[in-house]
2 protein chains.
Amino acid sequence: MRKHTAGLRLVDVAEHAGVSIATASRALSGATGVSEALAERVRAVATELGYVANVHARSLASGASPAVGLVVHEIGDPYFAEIASGVLEVAGAHGRMVQICHTGRDPHAEVAQLRALAGAGVGIIVVAGSGHLDRDVQAQMKAQVQAFEATGGRVAVIGRHPQLGVDAVVPANVAGGRSIAEHLLSLGHRRIAVAAGSRRLATMADRLAGVEQALGDHGLRLADLPVVEAAFTLDGGKDAARQIMDAHPDVTAVLALNDDMAVGVLSVLGERGVSVPGDVSVTGFDDVTVAGHLSPALTTVRLPMKQMGRQALELALLPRAARARRRTAEQRLMVRASTAPVRG
Amino acid sequence: MRKHTAGLRLVDVAEHAGVSIATASRALSGATGVSEALAERVRAVATELGYVANVHARSLASGASPAVGLVVHEIGDPYFAEIASGVLEVAGAHGRMVQICHTGRDPHAEVAQLRALAGAGVGIIVVAGSGHLDRDVQAQMKAQVQAFEATGGRVAVIGRHPQLGVDAVVPANVAGGRSIAEHLLSLGHRRIAVAAGSRRLATMADRLAGVEQALGDHGLRLADLPVVEAAFTLDGGKDAARQIMDAHPDVTAVLALNDDMAVGVLSVLGERGVSVPGDVSVTGFDDVTVAGHLSPALTTVRLPMKQMGRQALELALLPRAARARRRTAEQRLMVRASTAPVRG
DNA sequence: CTGAAAGCGCTAACAA
DNA sequence: TTGTTAGCGCTTTCAG
């Protein structure tokens, strides 16, 4: 008395086709060593019967699972949703399912999710979301990733993960930070406040490094600017904006390190009757779909999120290379209506 | 010579704990019939060793998989991303993984994905995205769903799926359509154009039905209004807006049937120098996160997407009931800056 | 309450 | 080229 029978099994197909299950298996899994005629017949029978192989049995027997795991901070966040979209696209093209895990932006949860995915028997894991600068977190991640790869699993990450040594798609965060800061500086802004997420994230460090380079070109230093750290979300942007406007009412520009925060900043400035870009210019980072439709349209740095998702899975689909591969995702400055020359 | 060994197996734990694998299994799966003392010892050993059960083996043996499948039209779309977020939240709380599938808004792909998920051995499927009015699609969906449930699987849908007979979370689309239309009518608008997605979707039919009710209250009929059908996306909204403004330049309001389309409408109106809400009022539907931050802030109908995702999985987690359960997700009119009284 | 053993459905040696 | 068969790691009767 079986509890959950999908009904058809390989034997059924084999019987109907008048072959052994071994032959049936080979025919259906596209393995070599079956005459094309037989293979064709088996496939026809399978299709006709509506046979679908049991993944669990297959994975158990072969030791390889077709599933791919995707770890994101928060799937409701457009940045990750777009990355996921790219991953799903490639996965679909390869007939693979994608298991998605939330981490809620907690690096320890990230490690736990990695372990969970490995336990869930996926063969491939894509980690989206910034690497962490905390040595302890890095070590845990590394241990987990290596354990997974040791069992034949493949891993690719999106973002810079120091020391991890796996294939990676790295967005041009430094260049992006530099170009967006350069844009503000070229407009004459000097009293610039930065709305940032946790500085323990590699992404933040990189974007800030780019900002610092641009500042350096103008004889300025990041240390002289207010850098407010808050949650890397819309609400975090609101918090940061409030702190900035309270403590530094004389700023002429707010450089937010992602679009979510920028939206929060715009929201608070709007509430307070501060005109953008009349009184204060605001910039974002990422260029999520809606950025161009905000009030005002957001000047930001475009990152090809969906493509990054695609590339990451494509890397992970490749066999492991001796040296970790690295793809750079280019940034592009999108100048829109939220920035203007500083007022005389 | 094993190819993909996660290393630890149940035997290892059993040996370390000095019990049989049967006992170890019972202890770890929380089954009854083991003395609490032994169970505790086994669990301790398992934790210490870092043992994680092989899902494939477990699913194969027990015939039940802990994975839940989620079918969405497009994960990059904020509406579905938020629903997914709710589903992931509940899944996480129950220690389950979520496999997400795209359908690209193709109803046939939806059926295929259902089959794929069933084949992938998930035990639970949540289908997000509107039901279809096409009888043929309905029949296929139903056949697939019943086959899945016959094998012990559980299904819950988000949205109205006529005739499907499974647990459902149904957003108040009719009431929402009615309230948003009523809002425009109360502002004096009469020459209203509707930007809609495919009318073969139940969601569209319901929202339009609500609009029609409101019109009826004012002695008007939907048939007298231009209803432009386009893709249910931002670009579709652009297409619809162009058609509307070209064919009916005298409209005073555009009622878009989701926020994505409304954003596209705003975009086109902006390009053409049509002031919103000065010349034309615009409304959306869903209230995705950014709706309140658009230019101008969008008047729309709020649907609790994340909660809908949560509820759907909660329903699916319950044992099948004799009669399909139904939860209604309430709508709420959000009046913002994109609507104003019609000009005298 | 605990252990031995029979599968779950499939793949992959190994034979023929 | 095709078939036979021994597992993959776990759950679950069935004995003890």
Side-chain angles (χ1 to χ4, degrees), chain A residues 1-43 45-46 49-67 118-121 123 151-152, chain B residues 1-43 46 49 51-67 118-121 123 151-152:
Chain A
M1 200 184 312
R2 277 162 298 163
K3 200 206 273 178
H4 178 138
T5 305
L8 292 167
R9 289 160 315 162
L10 189 53
V11 243
D12 302 319
V13 177
E15 274 176 13
H16 275 258
V19 299
S20 71
I21 64 168
T23 302
S25 169
R26 289 191 271 254
L28 294 175
S29 64
T32 176
V34 207
S35 68
E36 189 45 45
L38 252 196
E40 190 46 55
R41 189 165 92 224
V42 173
R43 280 189 225 110
V45 171
L49 263 43
Y51 169 78
V52 185
N54 178 316
V55 206
H56 299 304
R58 180 175 278 197
S59 301
L60 183 57
S62 72
S65 159
T151 70
Chain B
M1 199 182 309
R2 276 164 298 165
K3 198 207 278 181
H4 177 137
T5 305
L8 289 168
R9 289 161 314 161
L10 188 54
V11 243
D12 302 319
V13 176
E15 273 175 13
H16 276 259
V19 298
S20 71
I21 66 168
T23 301
S25 169
R26 288 191 271 255
L28 294 176
S29 63
T32 175
V34 206
S35 67
E36 189 45 46
L38 250 195
E40 190 46 57
R41 188 165 92 226
V42 174
R43 280 189 226 109
L49 262 44
Y51 168 78
V52 185
N54 178 317
V55 206
H56 299 305
R58 180 175 278 198
S59 300
L60 182 57
S62 72
S65 158
T151 70

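What you see is a predicted model, and the numbers here were worked out from it, not measured in a lab. Throughout, protein chains are lettered first and strands after them, A, B, ... in sequence-line order, and every chain is numbered starting at 1. Just so it is clear, the values below take in all heavy atoms, side chains as well, and ignore hydrogens, waters and symmetry mates.
- Distance from the side chain of A57(A) is smallest to dC10(C) among dT11(D), dC10(C), dG3(D).
- One N or O on the side chain of S65(B) and one on the backbone of G121(B) form a donor-acceptor pair closer than 3.5 Å.
- Among the nucleotides dC10(D), dG9(C), dT2(C), the one closest to the side chain of R58(B) is dC10(D).
- Protein atom CD of E15(A) is 13 Å distant from nucleotide atom P of dG9(C), rounded to whole Å.
- With rounding to the nearest 0.5 angstrom, the CG atom of L28(A) is 10.5 Å from the OG1 atom of T23(A).
- Take the nearest nucleotide of DNA chain D for A22(A) and for A61(A): the residue whose nucleotide is more 5' is A22(A).
- With values rounded to the nearest 0.5 angstrom, R58(B) atom CZ is found 13.0 Å from L60(B) atom CG.
- For the pair E15(B) and R9(B), the salt-bridge criterion is not met [side-chain N within less than 4.0 Å of a carboxylate O].
- At the phosphate of dA12(C), neither OP1 nor OP2 sits under 4.0 Å from any side-chain N or O atom of S62(A).
- E36(B) places its CD atom 11 Å from the P atom of dT2(C), with the value rounded to the nearest Å.
- dC10(D) atom C1' lies 15 Å from atom CG of L8(B), rounded to whole Å.
- L10(A) has its CG atom 7 Å from the C1' atom of dC10(C), to the nearest Å.
- For the pair G18(A) and R41(A), the tightest heavy-atom approach, listed with the atom from each and the gap, is O-NH2, 4.2 Å.
- Residue-to-nucleotide proximity on DNA chain C shows that, of L60(B) and R26(B), the 5′-proximal contact is made by R26(B).
- Straight-line distance from the CG atom of N54(B) to the C1' atom of dG7(D): 14 Å, rounded to whole Å.
- Rounded to whole Å, the distance from CG on L28(A) to C1' on dG9(C) is 13 Å.
- Taking side-chain N and O atoms only, Y51(A) has a distance below 4.0 Å to OP1 or OP2 of dC10(C).
- In terms of phosphate contacts, S20(B) brings a side-chain nitrogen or oxygen within less than 4.0 Å of OP1 or OP2 of dG3(C).
- Both I21(B) and V34(B) lie close to DNA chain C; mapped to their nearest nucleotides by heavy-atom distance, the more 5′-ward contact belongs to V34(B).
- Here the nucleotide nearest the side chain of T23(A), chosen from dT2(D), dT2(C), dC10(D), is dT2(D).
- R41(A) has its CZ atom 12 Å from the C1' atom of dT2(D), to the nearest Å.
- Phosphate contact (OP1/OP2 of dT11(C), side-chain N/O of S25(A), threshold under 4.0 Å): present.
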